[in-house]
Amino acid sequence: MNKQPKYRQVADALRREIDNGTYLPGSRLPSESELSARFDASRNTVRNGLSLLVSQGLISSSQGLGYEVTKHEVFELNASRFENLEFPQNGDAYSTDVTNAGRRPHQTFRVELTPAPSYVAERLKVEEGSRTVLRFCHRFVDDVPWSTQATHYPEWLVEQGPRLTEPGDIAEGTTRYLASLGIEQIGYFDEIAARMPTPEEARLLEIGAGVPVLLWTRTGFSNDRPIRCTVTTFRGDLNRMNYEIGNLSARSENEPQ
(Lines give C-alpha, C1' and ligand atoms only; values in the text may rest on other atoms or scores of the structure.)
Protein backbone atom coordinates (compact mmCIF):
# COMPACT_ATOMS: atom_id res chain seq x y z
CA MET A 1 0.00 0.00 0.00
CA ASN A 2 1.28 3.46 -0.92
CA LYS A 3 1.42 5.37 2.37
CA GLN A 4 2.50 8.64 0.78
CA PRO A 5 0.02 11.52 0.97
CA LYS A 6 -2.16 11.67 -2.12
CA TYR A 7 -0.70 14.98 -3.30
CA ARG A 8 2.78 13.40 -3.32
CA GLN A 9 1.46 10.47 -5.34
CA VAL A 10 0.11 12.97 -7.88
CA ALA A 11 3.47 14.82 -7.97
CA ASP A 12 5.46 11.59 -8.30
CA ALA A 13 3.32 10.31 -11.18
CA LEU A 14 3.61 13.61 -13.08
CA ARG A 15 7.35 13.81 -12.38
CA ARG A 16 7.85 10.36 -13.90
CA GLU A 17 5.91 11.42 -16.99
CA ILE A 18 7.99 14.59 -17.33
CA ASP A 19 11.18 12.53 -16.98
CA ASN A 20 10.13 9.95 -19.59
CA GLY A 21 9.04 12.58 -22.12
CA THR A 22 5.28 12.16 -21.89
CA TYR A 23 5.19 15.90 -21.22
CA LEU A 24 7.98 17.67 -23.10
CA PRO A 25 9.65 20.95 -22.08
CA GLY A 26 7.34 23.83 -22.90
CA SER A 27 4.21 21.67 -23.07
CA ARG A 28 1.18 22.23 -20.88
CA LEU A 29 -0.08 19.77 -18.31
CA PRO A 30 -3.75 18.78 -18.21
CA SER A 31 -6.01 21.11 -16.27
CA GLU A 32 -6.58 20.72 -12.54
CA SER A 33 -10.06 19.35 -13.17
CA GLU A 34 -8.72 16.77 -15.64
CA LEU A 35 -6.03 15.72 -13.19
CA SER A 36 -8.60 15.52 -10.39
CA ALA A 37 -10.63 13.05 -12.45
CA ARG A 38 -7.57 11.05 -13.46
CA PHE A 39 -6.22 10.67 -9.91
CA ASP A 40 -9.61 10.54 -8.20
CA ALA A 41 -8.47 13.39 -5.99
CA SER A 42 -9.81 16.76 -4.91
CA ARG A 43 -8.75 19.94 -6.71
CA ASN A 44 -6.88 21.03 -3.56
CA THR A 45 -4.94 17.75 -3.50
CA VAL A 46 -3.99 18.12 -7.16
CA ARG A 47 -3.06 21.74 -6.62
CA ASN A 48 -0.79 20.77 -3.73
CA GLY A 49 0.92 18.16 -5.92
CA LEU A 50 1.43 20.69 -8.69
CA SER A 51 2.76 23.25 -6.20
CA LEU A 52 5.36 20.70 -5.10
CA LEU A 53 6.57 20.35 -8.71
CA VAL A 54 6.67 24.15 -9.03
CA SER A 55 8.84 24.38 -5.88
CA GLN A 56 11.20 21.82 -7.43
CA GLY A 57 11.55 23.88 -10.62
CA LEU A 58 10.00 21.22 -12.86
CA ILE A 59 6.93 23.19 -13.90
CA SER A 60 5.76 26.78 -13.82
CA SER A 61 2.32 28.27 -13.49
CA SER A 62 0.74 31.26 -15.23
CA GLN A 63 -2.42 32.90 -14.04
CA GLY A 64 -5.27 31.60 -16.17
CA LEU A 65 -2.95 29.54 -18.40
CA GLY A 66 -2.38 26.47 -16.26
CA TYR A 67 0.92 24.67 -15.74
CA GLU A 68 3.82 24.32 -18.17
CA VAL A 69 6.84 22.03 -18.11
CA THR A 70 9.96 24.13 -17.60
CA LYS A 71 12.31 24.44 -20.56
CA HIS A 72 15.93 23.57 -19.80
CA GLU A 73 18.16 24.63 -22.70
CA VAL A 74 21.43 24.08 -20.90
CA PHE A 75 24.54 26.08 -21.77
CA GLU A 76 27.83 24.25 -21.21
CA LEU A 77 30.84 26.28 -20.09
CA ASN A 78 34.39 24.96 -20.29
CA ALA A 79 35.84 26.61 -17.20
CA SER A 80 39.41 25.51 -18.00
CA ARG A 81 39.46 27.41 -21.28
CA PHE A 82 37.49 30.40 -20.04
CA GLU A 83 39.87 33.40 -20.07
CA ASN A 84 42.76 31.24 -21.28
CA LEU A 85 44.77 33.54 -23.53
CA GLU A 86 46.24 30.60 -25.46
CA PHE A 87 42.88 29.96 -27.11
CA PRO A 88 41.64 32.28 -29.89
CA GLN A 89 38.94 34.71 -28.85
CA ASN A 90 36.44 36.91 -30.61
CA GLY A 91 36.00 39.64 -28.04
CA ASP A 92 35.95 38.64 -24.38
CA ALA A 93 35.71 35.06 -23.12
CA TYR A 94 31.95 35.18 -22.54
CA SER A 95 31.15 36.51 -26.03
CA THR A 96 33.52 33.98 -27.59
CA ASP A 97 32.03 30.96 -25.81
CA VAL A 98 28.43 31.96 -26.45
CA THR A 99 29.07 32.79 -30.12
CA ASN A 100 31.00 29.53 -30.65
CA ALA A 101 27.98 27.66 -29.30
CA GLY A 102 25.87 29.20 -32.06
CA ARG A 103 24.00 31.43 -29.66
CA ARG A 104 23.69 35.18 -29.16
CA PRO A 105 25.49 37.04 -26.33
CA HIS A 106 24.35 40.31 -24.77
CA GLN A 107 25.47 42.01 -21.57
CA THR A 108 25.06 45.22 -19.59
CA PHE A 109 27.65 46.82 -17.30
CA ARG A 110 27.92 48.75 -14.11
CA VAL A 111 31.28 50.05 -12.81
CA GLU A 112 31.87 51.65 -9.42
CA LEU A 113 34.44 52.17 -6.69
CA THR A 114 33.26 50.27 -3.62
CA PRO A 115 34.60 49.00 -0.29
CA ALA A 116 35.81 45.41 -0.42
CA PRO A 117 33.45 42.95 1.31
CA SER A 118 35.20 40.62 3.72
CA TYR A 119 35.20 37.63 1.35
CA VAL A 120 36.74 39.77 -1.42
CA ALA A 121 39.32 41.39 0.86
CA GLU A 122 40.40 37.94 2.06
CA ARG A 123 40.95 36.73 -1.50
CA LEU A 124 42.65 39.91 -2.74
CA LYS A 125 44.80 40.13 0.41
CA VAL A 126 43.74 43.72 1.11
CA GLU A 127 42.18 45.33 4.16
CA GLU A 128 38.44 44.80 4.54
CA GLY A 129 36.67 47.99 3.46
CA SER A 130 39.56 49.17 1.27
CA ARG A 131 38.46 50.47 -2.10
CA THR A 132 38.12 48.18 -5.08
CA VAL A 133 36.90 48.66 -8.63
CA LEU A 134 33.72 46.64 -9.11
CA ARG A 135 32.81 45.71 -12.66
CA PHE A 136 29.35 44.16 -12.63
CA CYS A 137 27.95 42.40 -15.72
CA HIS A 138 24.42 41.17 -16.31
CA ARG A 139 24.76 38.57 -19.04
CA PHE A 140 22.26 36.99 -21.42
CA VAL A 141 22.25 34.08 -23.86
CA ASP A 142 19.65 34.48 -26.64
CA ASP A 143 18.01 37.23 -24.53
CA VAL A 144 17.52 34.80 -21.61
CA PRO A 145 19.24 35.85 -18.36
CA TRP A 146 22.31 33.61 -18.00
CA SER A 147 24.43 34.99 -15.19
CA THR A 148 25.60 37.96 -13.22
CA GLN A 149 29.31 38.55 -12.76
CA ALA A 150 30.87 40.77 -10.10
CA THR A 151 34.62 41.31 -10.44
CA HIS A 152 36.59 43.27 -7.83
CA TYR A 153 40.00 44.69 -8.73
CA PRO A 154 42.29 46.14 -6.03
CA GLU A 155 42.60 49.91 -6.19
CA TRP A 156 46.38 49.77 -6.74
CA LEU A 157 45.71 48.19 -10.13
CA VAL A 158 43.86 51.25 -11.46
CA GLU A 159 47.02 53.31 -11.90
CA GLN A 160 48.43 50.63 -14.20
CA GLY A 161 45.10 49.78 -15.87
CA PRO A 162 42.98 52.96 -15.99
CA ARG A 163 40.45 51.43 -18.41
CA LEU A 164 39.19 49.27 -15.53
CA THR A 165 37.11 52.24 -14.38
CA GLU A 166 35.50 52.79 -17.79
CA PRO A 167 31.73 52.26 -17.55
CA GLY A 168 31.41 50.18 -20.73
CA ASP A 169 32.75 46.93 -22.07
CA ILE A 170 36.46 46.33 -22.55
CA ALA A 171 36.11 44.61 -25.90
CA GLU A 172 39.09 42.26 -25.64
CA GLY A 173 38.25 41.35 -22.04
CA THR A 174 39.97 42.59 -18.90
CA THR A 175 42.33 39.59 -18.71
CA ARG A 176 43.79 40.36 -22.15
CA TYR A 177 43.81 44.09 -21.42
CA LEU A 178 45.82 43.65 -18.24
CA ALA A 179 48.16 41.18 -19.96
CA SER A 180 48.87 43.81 -22.63
CA LEU A 181 50.08 46.08 -19.81
CA GLY A 182 52.40 43.40 -18.45
CA ILE A 183 50.03 42.33 -15.67
CA GLU A 184 49.59 38.72 -16.67
CA GLN A 185 47.26 36.34 -14.89
CA ILE A 186 49.39 33.22 -14.56
CA GLY A 187 47.03 31.20 -12.39
CA TYR A 188 43.65 31.13 -10.72
CA PHE A 189 41.91 29.48 -7.80
CA ASP A 190 38.30 28.40 -8.34
CA GLU A 191 35.57 27.76 -5.77
CA ILE A 192 32.19 26.23 -6.67
CA ALA A 193 29.11 26.38 -4.45
CA ALA A 194 25.32 26.17 -4.77
CA ARG A 195 22.49 27.74 -2.78
CA MET A 196 19.04 29.18 -3.23
CA PRO A 197 18.96 32.66 -4.81
CA THR A 198 18.52 35.93 -3.00
CA PRO A 199 15.45 37.96 -4.03
CA GLU A 200 17.71 40.24 -6.12
CA GLU A 201 19.35 37.27 -7.87
CA ALA A 202 15.95 35.73 -8.57
CA ARG A 203 14.81 39.02 -10.13
CA LEU A 204 17.90 39.56 -12.30
CA LEU A 205 18.06 35.95 -13.49
CA GLU A 206 14.27 35.46 -13.70
CA ILE A 207 14.51 32.35 -11.56
CA GLY A 208 11.34 30.45 -10.71
CA ALA A 209 10.58 28.76 -7.42
CA GLY A 210 12.77 25.84 -6.47
CA VAL A 211 15.71 26.69 -8.76
CA PRO A 212 19.14 27.13 -7.08
CA VAL A 213 22.03 29.28 -8.26
CA LEU A 214 25.56 28.08 -8.98
CA LEU A 215 28.29 30.33 -7.57
CA TRP A 216 31.67 30.31 -9.26
CA THR A 217 34.35 32.34 -7.47
CA ARG A 218 37.61 32.73 -9.37
CA THR A 219 40.60 34.53 -7.83
CA GLY A 220 43.23 35.44 -10.43
CA PHE A 221 46.92 35.79 -9.62
CA SER A 222 49.91 37.48 -11.23
CA ASN A 223 53.36 36.17 -10.38
CA ASP A 224 53.40 37.91 -6.99
CA ARG A 225 49.85 38.71 -5.81
CA PRO A 226 46.09 38.46 -6.48
CA ILE A 227 44.81 40.84 -9.15
CA ARG A 228 41.07 40.18 -9.12
CA CYS A 229 38.22 38.26 -7.52
CA THR A 230 35.28 37.31 -9.74
CA VAL A 231 31.99 35.90 -8.48
CA THR A 232 29.74 34.58 -11.26
CA THR A 233 26.19 33.63 -10.33
CA PHE A 234 24.48 31.25 -12.75
CA ARG A 235 20.96 29.92 -13.01
CA GLY A 236 21.36 26.37 -11.76
CA ASP A 237 18.86 24.90 -14.24
CA LEU A 238 20.38 26.39 -17.40
CA ASN A 239 24.10 25.89 -16.92
CA ARG A 240 26.69 23.17 -16.66
CA MET A 241 30.44 23.59 -16.12
CA ASN A 242 33.31 21.29 -17.04
CA TYR A 243 37.08 21.32 -16.55
CA GLU A 244 39.92 19.78 -18.54
CA ILE A 245 42.77 18.68 -16.27
CA GLY A 246 45.85 16.74 -17.35
CA ASN A 247 46.46 14.87 -20.60
CA LEU A 248 43.15 14.06 -22.30
CA SER A 249 44.57 12.64 -25.53
CA ALA A 250 42.64 9.40 -24.93
CA ARG A 251 39.35 11.27 -24.95
CA SER A 252 37.65 11.11 -28.33
CA GLU A 253 36.93 14.48 -29.86
CA ASN A 254 33.56 13.10 -30.94
CA GLU A 255 32.58 11.99 -27.47
CA PRO A 256 29.46 13.78 -26.22
CA GLN A 257 30.26 16.60 -23.82
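Numbering of residues begins at 1 and proceeds along the displayed sequence. All values below come from the heavy atoms of this structure, side chains included, with hydrogens, waters and symmetry mates left out.
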(request) Walk me through it: do E191 and R123 pass the test salt bridge (Lys or Arg N to Asp or Glu O under 4.0 Å)? (result) CA-CA 11 Å; E191 302 164 79; R123 288 161 177 78; 2.9 Å; yes
(message) If you compare all heavy atoms of A202 against all heavy atoms of P197, which two are closest, and at what distance to 0.1 Å?
(response) N-CB, 4.1 Å
(request) Answer yes if I192 and V231 sit in the same cluster of Ile, Leu, Val, Met, Phe, Trp and Tyr residues linked by side chain heavy atoms under 4.5 Å apart, and no otherwise. (result) no
(message) Is there a side-chain contact between L113 and L134 in this structure, where contact means two heavy atoms from C-beta onward sitting under 4.5 Å apart?
(response) no
(request) Step by step, work out the salt bridge (Lys or Arg N to Asp or Glu O under 4.0 Å) result for R110 and E112. (result) CA-CA 7 Å; R110 184 179 82 245; E112 59 187 78; 2.8 Å; yes
(message) If hydrophobic clusters are built from ILVMFWY residues whose side chains come within less than 4.5 Å, do Y119 and L215 share one?
(response) no
(request) Measure across A13 and F39 and return the closest heavy-atom pair with its distance rounded to 0.1 Å. (result) CB-CE2, 3.7 Å
(message) For the aromatic rings, using the six-membered ring if either is Trp, is the centroid distance between F140 and H138 under 6.0 Å?
(response) yes
(message) Taking the cut-offs as 6.0 angstrom to the six-membered ring centre and 45 degrees off its axis, would you call R131 and W156 a cation-pi pair?
(response) no
(message) Run D19 and R16 through salt bridge (Lys or Arg N to Asp or Glu O under 4.0 Å) and show every step you take.
(response) CA-CA 5 Å; D19 289 343; R16 285 193 296 271; over 6 Å; no
(request) Heavy atoms only: give me the nearest P154-V126 pair and the separation to one decimal. (result) CB-CG1, 4.4 Å
(request) Check the side chains of Q149 and T232 for a donor-acceptor pair under 3.5 angstrom, ignoring hydrogens and angles. (result) yes
(request) Establish, from distance only, whether the side-chain atoms of D190 and Y243 form a donor-acceptor pair under 3.5 Å. (result) yes
(message) List the residues meeting salt bridge (Lys or Arg N to Asp or Glu O under 4.0 Å) with R135, not counting sequence neighbours, and say none if there are none.
(response) none
(message) Would a single hydrophobic cluster contain both V120 and Y153, if residues Ile, Leu, Val, Met, Phe, Trp and Tyr are joined by side-chain heavy-atom contacts under 4.5 Å?
(response) no
(message) Working to the nearest 0.5 angstrom, can you tell me the gap between L29 CG and E68 CD?
(response) 9.0 Å
(request) Supply the atom-to-atom distance R225 CZ to I183 CD1, rounded to the nearest 0.5 angstrom. (result) 9.0 Å
(message) Looking only at the side chains, is there a donor atom on one of S31 and Y67 sitting less than 3.5 Å from an acceptor on the other?
(response) no
(message) Under the side-chain contact (heavy atoms from CB on, under 4.5 Å) test against C229, which residue among T151, T132, T219 passes?
(response) T219
(message) Set out, in order, the CA-CA distance, both residues' side-chain angles and the distance that settles salt bridge (Lys or Arg N to Asp or Glu O under 4.0 Å) for R195 and E201, then state yes or no.
(response) CA-CA 11 Å; R195 59 166 169 74; E201 290 166 346; 2.8 Å; yes
(message) Ignoring hydrogens, what is the shortest heavy-atom contact between I170 and R163? Give both atom names and the distance.
(response) CG2-NH2, 3.4 Å
(message) Under 4.0 Å between a side-chain nitrogen and a carboxylate oxygen: does that hold for R38 and E17?
(response) yes
(request) For T45 and S42, test the side chains for any donor-to-acceptor distance below 3.5 angstrom and give the result as yes or no. (result) yes
(request) Drop me the distance from L204's CG to F136's CZ, to the nearest 0.5 angstrom. (result) 5.5 Å
(request) Decide whether Y188 and I227 are clustered together by the hydrophobic rule: side chain heavy atoms of Ile, Leu, Val, Met, Phe, Trp, Tyr closer than 4.5 Å, transitively. (result) no
